[in-house]
Amino acid sequence: MTALELGKDLLGLESLTAQQIVLILDTAEPFKEVSERAIKKVPTLRGKTIVNLFFEVSTRTRISFEFAEKRLSADTVNVSSQGSAVQKGENLVDTARNLEAMRIDMVVIRHPSSGAAKFLADRIDSNVINAGDGKHEHPTQALLDLLTIRDKRGRIEGLRVCICGDILHSRVARSNIWGLLKLGAEVAVCGPRSLMPLGIEQLGVRVISRIEEAIEWADVLNILRLQLERMTGGFIPSLREYNRVFGVTVKRLEQARHDLLILHPGPINRGVEIDSAVADGSHSVILDQVTNGIAVRMAVLYLLSGGRRETAEAAMGLNV
Amino acid sequence: MSERSTIFTGGRVIDPSQELDTASDLLVVDGKVAEIGKNLTAPDEAEVIDVSGLIVAPGLIDVHVHFREPGMEEAETVATGARAAVAGGFTGVCVMPNTDPVTDNQAAVGFIVKQGGDANAARVYPIAAITLQQLGERLSEFGELVAAGAVAVSDDGRPVVSSHMMRTALEYAQTFGIPIVDHCEDPSLAAGGVMHEGLVSSRLGLKGIPSAAEEIMVARDALLAELTEGRVHICHVSTEGSVEIIRQAKSRGARITAEATPHHFTLTDMACEQYDTNTKMNPPLREDHDVAAVIEGLKDGTLDVIATDHAPHHYEAKERDFDDAPFGVVGLETALGVGISELVDTKQLSLYDLIHCMSTKPARIFDLPGGGLSGGSPADLVVFDPTRLWIVDEAKFLSKSRNTPFSGRELSGAVVRTVVAGMTVFEAD
Amino acid sequence: MTSSGSMDTIMDAHAFARALERMAGEIGALADPADLVLVGIQRRGVELADRLASLISKSGTEIPRGALDITLYRDDLETIGPKPFVGETNIPCNLDSKSVVIVDDVLYTGRTVRAALNELADFGRPSKVSLCVLIDRGGRELPIQADIVGERISVGKNDRVDVLVRELDGKDGVELVAEGEG
């Protein structure tokens with residue numbers, strides 16, 4: 001696979017090269033301008049049909065994908081687990097077969113099981129974009145995080161990025177770790193040991209146990225949402241204690257570099273993993289992330305469209 | 001039936017029960033082994049089977065299979081399972097009780113015995129449940145179960161959670177001389193897990209089952225076996241720690257035996273990389289050092305037997321995402337080939353030791369007929385070619401199910417003929 | 001990139017400069033310079049638009065100039081797949097009631113201009129749109145003609161016309177690269 005080609009699907013960042021990741025980020029840049037226009041639409045994917053298949057509740061990611069699709073003039077259909085027969089554990093195979101029979105061009109899938117996007121990609125000819133599979137990967141979220149950091153800092157290489165919170169259950173963390181490492185960042189994770197996956201250090205990631213230390217060390221903090229279930233699941237004693245020990249607070253940020261960037265994939269639990277004043281403060285680039293999300297997703301949709309091997313090869317021969 | 005004789009000529013007979021490994025003929029008369037020796041003279045009407053260049057061994061015995069009948073006949077029945085067994089060189093199999101309904105009463109045991117007899121293939125021995133419906137609450141009636149034909153008791157598929165219940169079972173079973181067969185897993189540690197907990201599960205985002213979940217229960221069972229002087233048999237040992245705990249318990253004289261599966265001495269959690277649900281089993285595939293420890297355990301006798309944990313699942317059941325697919329893989333038709341390829345060809349075990357682990361020792365531990373070819377014993381035997389190469393093609397399985405992790409793998413060692421009570425029940429094309 | 005085949009010079013730097021000057025004059029005559037907006041098509045059209053705007057500005061009026069990348073408006077995504085590099089589009093002002101001049105280096109099939117017209121329509125409603133190209137090589141596949149042309153040439157289907165600009169190529173000029181075979 002060459003740098004000019006992403007392949008049929010985008011399932012995760014682990015399987016991409018640094019060149020491919022940079023290609024997506026570079027392609028996202030001009031797409032930002034499209035969203036600034038009075039008429040926020042280009043005809044690029046006119047006539048393409050895209051199904052947004054969401055087996056898990058999601059507002060932000062689904063809306064972001066939908067904007068990206070519509071701004072590229074694709075026809076979109078949303079299928080979500082609430083509005084139809086699809087439920088976890090039920091007929092992912094049948095869903096795949098039905099989609100294939102409907103001759104759609106692309107599927108954006110969000111599913112609670114790790115590997116579900118690959119499962120679908122292996123069984124249908126359409127392009128598959130992983131919008132989050134279980135605890136595995138959420139590649140477009142990591143790409144928009146990378147784009148935001150690169151925009152603000154001009155580079156990724158050599159930056160110290162610490163991902164904070166529930167790493168164990170986080171697909172955002174996994175995709176970010178792969179993307180950051182491939183682009184040459186120093187990566188650390190910080191959170192309670194009960195929320196760290198086994199063997200995480202072997203990926204080349206540093207584990208920091210105190211949030212104060214992480215704040216002092218980092219150029220960028222990516223703060224993950226703490227799911228309420230983690231408390232009932234027995235991983236942490238209480239949200240209150242989590243905030244006391246691991247919360248990114250105004251007071252703790254006094255020790256930070258003045259140009260520290262704070263990212264958060266949303267939705268934010270204000271007063272749990274992050275103080276309101278921090279989320280809305282000068283370090284925060286949370287809204288830039290949202291804007292960049294659309295550009296990155298447009299870039300991915302664009303690069304995968306017609307991105308089948310034979311057409312990509314033809315493109316290289318015909319480039320005039 | 002009138003007197004019938006068959007003579008197998010020109011083969012190499014390996015029988016660990018008599019410490020025999022010799023080029024010999026073998027004469028079967030009326031379903032029983034009559035004689036082993038060089039240049040035997042057969043009765044005039046005897047059928048002569050030339051087995052030159054092949055191994056003749058006591059039929060393999062698998063003490064751990066799931067035949068899904070009653071309840072999940074679309075995956076396997078006793079009849080299809082027994083035919084898959086003989087295709088793999090097995091002449092005896094012990095079927096686990098986690099069917100629907102559970103084999104926890106005399107009638108259910110009798111049903112398995114009858115289905116096994118009708119299958120006319122491998123001998124089928126029922127293992128009954130330790131507790132009613134495998135709920136871990138009340139002991140099942142061991143006396144009646146054994147009278148009906150059960151050869152052991154197990155709540156396989158689920159662990160016996162209560163240590164008190166396990167203790168009671170180990171004590172109570174002593175009256176009947178049967179082993180308690182335990183699937184060792186701490187359910188609170190393993191809850192929700194779908195593969196081994198380690199770097200691979202961390203990368204794949206799949207919930208892991210830590211090695212400690214197995215080892216805690218192995219250690220408990222070993223201590224209870226010592227306390228009660230009961231006989232415990234540990235199913236499908238998968239971790240280095242478990243092997244070490246069993247080794248120590250044996251050295252202290254505990255009545256503990258254990259088994260290893262072909263997949264656990266061959267594959268690691270790396271096999272799960274592509275989310276292939278045919279690599280999902282319980283206990284899960286572990287790491288390199290665990291595979292090495294399991295092989296070491298087989299070599300030094302810490303692990304007594306090789307058992308397949310043959311767990312058929314219908315195609316549709318496995319055709320799902322990894323989290324939702326059921327645990328288990330089939331193994332009967334690949335076990336001998338995997339054993340020869342992974343243990344004998346790699347000089348870890350001799351062919352003699354492999355047969356010891358796959359026939360003689362399982363027969364002895366579970367007190368089953370077979371496992372040897374001494375005069376007068378039933379003529380249950382397997383003839384195989386230890387060097388013939390073949391490629392695993394699950395479409396050719398006699399089992400109803402295809403869920404093998406060894407699909408497409410080249411194996412050496414192929415079954416040529418399987419004989420039960422003197423009758424050929426399987427012959428390779 | 002192709003390196004085989006023979007190469008001919010169509011315009012040297014001198015001819016190039018003269019052509020631009022003449023074109024600048026013609027653009028100036030198209031409309032009131034206060035209403036003019038020059039929009040170059042990525043990439044060399046952008047450079048040419050800049051040059052032309054500077055030439056016209058010498059007469060006093062500053063001419064707004066923009067850049068258009070038509071990649072997202074192409075009609076051949078299906079057949080040749082996405083071009084991996086999408087350039088910048090930058091329209092400097094509202095185009096309503098303006099006289100817009102699209103500037104490109106070579107006019108060939110007309111498909112690029114068709115895409116540019118579509119894209120331009122998303123930025124407003126100019127009172128007039130004109131087309132200005134340095135080279136018209138014929139071979140149109142759509143009913144599109146240029147209003148202002150540096151030079152018309154007739155070349156074979158397999159020949160390539162390369163416009164060179166100082167800023168990107170180190171020198172100004174136009175070259176014809178004739179391919180050995182189709």
Side-chain angles (χ1 to χ4, degrees), chain A residues 11-15 55-56 87-97 109 111-123 130 132-139 166-175 177-178 181 189 195-205 207 229 233-234, chain B residues 186-215 239 241 268-280 284-290 313-327 402-403 407:
Chain A
L11 303 180
L13 297 194
E14 185 181 357
S15 56
F55 291 84
E56 212 180 56
Q87 294 283 330
K88 173 176 154 60
E90 185 175 290
N91 62 37
L92 192 50
V93 177
D94 286 339
T95 306
R97 288 176 190 150
I109 179 176
H111 196 281
S113 296
S114 301
K118 177 174 163 51
F119 181 94
L120 192 65
D122 288 346
R123 283 161 182 78
N130 183 4
D133 62 328
K135 302 184 285 290
H136 178 224
E137 286 224 41
H138 189 353
D166 179 3
I167 311 297
L168 179 63
H169 299 95
S170 176
R171 51 193 172 213
V172 175
R174 282 172 180 75
S175 287
I177 288 169
W178 294 120
L181 288 175
V189 291
L195 291 173
M196 290 289 158
L198 203 67
I200 183 94
E201 299 91 341
Q202 292 169 55
L203 299 179
V205 172
V207 177
E229 306 93 89
Chain B
D186 179 318
S188 67
L189 271 179
V194 295
M195 70 173 290
H196 171 64
E197 181 175 330
L199 184 59
V200 180
S201 70
S202 291
R203 279 177 40 224
L204 295 178
L206 291 172
K207 177 127 168 52
I209 301 173
S211 297
E214 175 176 312
E215 291 155 4
T239 79
T268 68
D269 57 351
M270 298 289 283
C272 304
E273 290 259 343
Q274 299 301 313
Y275 296 97
D276 177 358
T277 57
N278 289 334
T279 62
K280 180 177 175 180
L285 299 172
R286 305 283 186 185
E287 298 180 23
D288 281 332
H289 65 92
D290 297 303
H313 287 288
H314 190 254
Y315 173 79
E316 294 285 347
K318 280 286 195 181
E319 179 72 354
R320 329 185 110 200
D321 54 88
F322 206 88
D323 278 345
D324 291 325
F327 290 106
R402 310 271 175 263
N403 50 312
S407 177

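Chain identifiers are assigned alphabetically (A, B, ...) following the order of the sequence lines, protein sequences preceding nucleic acid strands; residue numbering begins at 1 within each chain.
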Leading residue by heavy atom contact count with chain B [cutoff under 4.5 Å; candidates A/R123, A/M196, A/R171]: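 Between A/R123, A/M196, A/R171, the count favours A/R123.
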
Residue among A/G115, A/A116, A/P197 with most heavy-atom pairs under 4.5 Å to chain B: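 Result: the option with the highest number of such pairs is A/G115.
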
From B/R203 atom CZ to A/Q202 atom CD, the distance as rounded to the nearest 0.5 Å: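 Going from CZ on B/R203 over to CD on A/Q202, the span is 10.5 Å.
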
Under 4.5 Å from any heavy atom of chain B, what part of A/E137 do you find: side chain, backbone, both or neither?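 Contact with chain B involves no heavy atom of A/E137 at all.
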
Portion of A/R174 that has a non-hydrogen atom of chain B nearer than 4.5 angstrom: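 It is the side chain, since no backbone atom gets that close.
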
Report, as yes or no, whether the 6.0 Å neighbourhood of atom CD on B/Q274 holds more than 12 heavy atoms from other residues, nucleotides or ligands.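 No, not enclosed.
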
On a heavy-atom basis, which atom in [X] and which in [Y] lie closest, and how many Å separate them?
X: B/L206; Y: A/S114; result: CD2-CB, 3.6 Å
X: A/P112; Y: B/D323; result: O-OD2, 4.2 Å
X: B/Y275; Y: A/K118; result: CD1-CD, 4.1 Å
X: A/H111; Y: B/D321; result: CE1-OD2, 3.8 Å

List the residues meeting side chain to side chain donor-acceptor pair (under 3.5 Å) with B/S407, not counting sequence neighbours, and say none if there are none.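 B/E394.
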
Partner chain A: residue of B/S201, B/P210, B/G198, B/G205 with the largest heavy-atom pair count (under 4.5 Å):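 So the answer, after comparing B/S201, B/P210, B/G198, B/G205, is B/G205.
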
